[in-house]
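Just below is one structure, and these are the notes that go with it.
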Amino acid sequence: MKDLPARRLLLVHAHPDDESINNGATMARYAAEGAHVTLVTCTLGEEGEVIPPALARLTSDRDDALGPHRVGELAAAMRELGISDHRFLGGAGRYRDSGMMGAEQNGRPGSFWSTPVDEAAAHLVEVIREVRPQVLVTYDPDGGYGHPDHIQAHRIAMRAADLAADPAYGSGAPHTIAKIYWNRVEREVLEAAFDRLRATAPDAFPGIAAVADVPGVTEAGQITAEIDGSAYAGAKSAAMRAHATQIAVDGPFFALSNDLGQPLLATECYQLVRGVRGVAGPEREGDLFAGVPGADAPDTAGATDAQGGAA
Ligand SMILES: [Zn+2]
């Protein structure tokens, strides 16, 4: 087995752009601090809409060329975040975007949503046993907001974590992921950010989204970890801009193809659902690796919030 860095983080996402919106600051921070960050994206996002009029013909109902284009956007976003290990589940194009819930594409052969969980999870087990992450980040059981591909990404990530730990399953040395987190957004923080959007940039976009449009929103009490990515807000913003067919960024705000403005959050929140919290008491972890044996915080400025990390 090759030498692995002390800290290894795996993120599982449904489409190119989800990683930058949800975890861009977290990914940039851990990469900058020397962690090995692996992104697995489950589909190419072939069924997405397209924002720039000049690229409108890429959509699936015209040239159906959005998937390959988004492979390039994702690569550019990863350069902005400093991530070199990004992969597509089972290889690029193996599973196709299923479209929104109820869409006819949901049931098409090869769609991610119609793929048996164990079949797709097998590909992720291979990645887990290769890079041996201590921390996994994915969505909650609702996929954050009910998109079939996000729900399926959640199911496959959780299933693969179990299978990878099972010595009786498949080939390769078993590996148990120490901590699993779901992406979260704190309702109160989001509401305040929407207030700032309405107060400072009411006309930045044709409309303004609602709190209910944002995936993973939850009450403060459910959030167990908070990653201060303020030093990486620029990288996150640049990564989101790289997904130009999907995201329009304007300062600290952005809009998806629905043209509704929402805040671009540099502090990213998580809910620990498996593993042991690395800090005592009710305070939030400031480091996803807190408490993981052998994964102490690197000796760099900006990693001073990991004093709970030594077990
Ligand atoms: Zn998505």
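Just so you know, these numbers use all the heavy atoms, side chains as well, and skip hydrogens, waters and symmetry mates. When a ligand or atom number is given, it counts from 1 through the structure's own listing order.
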Practice prompt. Could you tell me whether the Zn ion (ligand 1) has an N, O or S atom of Asp18 under 2.8 Å away?
Written response: yes
Worksheet item: Between Asp195 and Arg198, does at least one N-O distance fall below 4.0 Å, as a salt bridge requires?
Response: yes
Fill in: Near-ring test Phe205/Phe254, centroid separation under 6.0 angstrom
no
Worksheet entry | Closest approach to the Zn ion (ligand 1) by His15, given as the N, O or S atom name | ND1
Worksheet item: For the residue pair His15 and His147, is the inter-centroid distance of their aromatic rings smaller than 6.0 Å?
Response: yes
Response to the item:
Checking distances from the Zn ion (ligand 1), one finds that the N, O or S atom of His150 closest to it is NE2
Discussion item. Looking only at the side chains, is there a donor atom on one of Glu268 and Thr26 sitting less than 3.5 Å from an acceptor on the other?
Written reply: yes
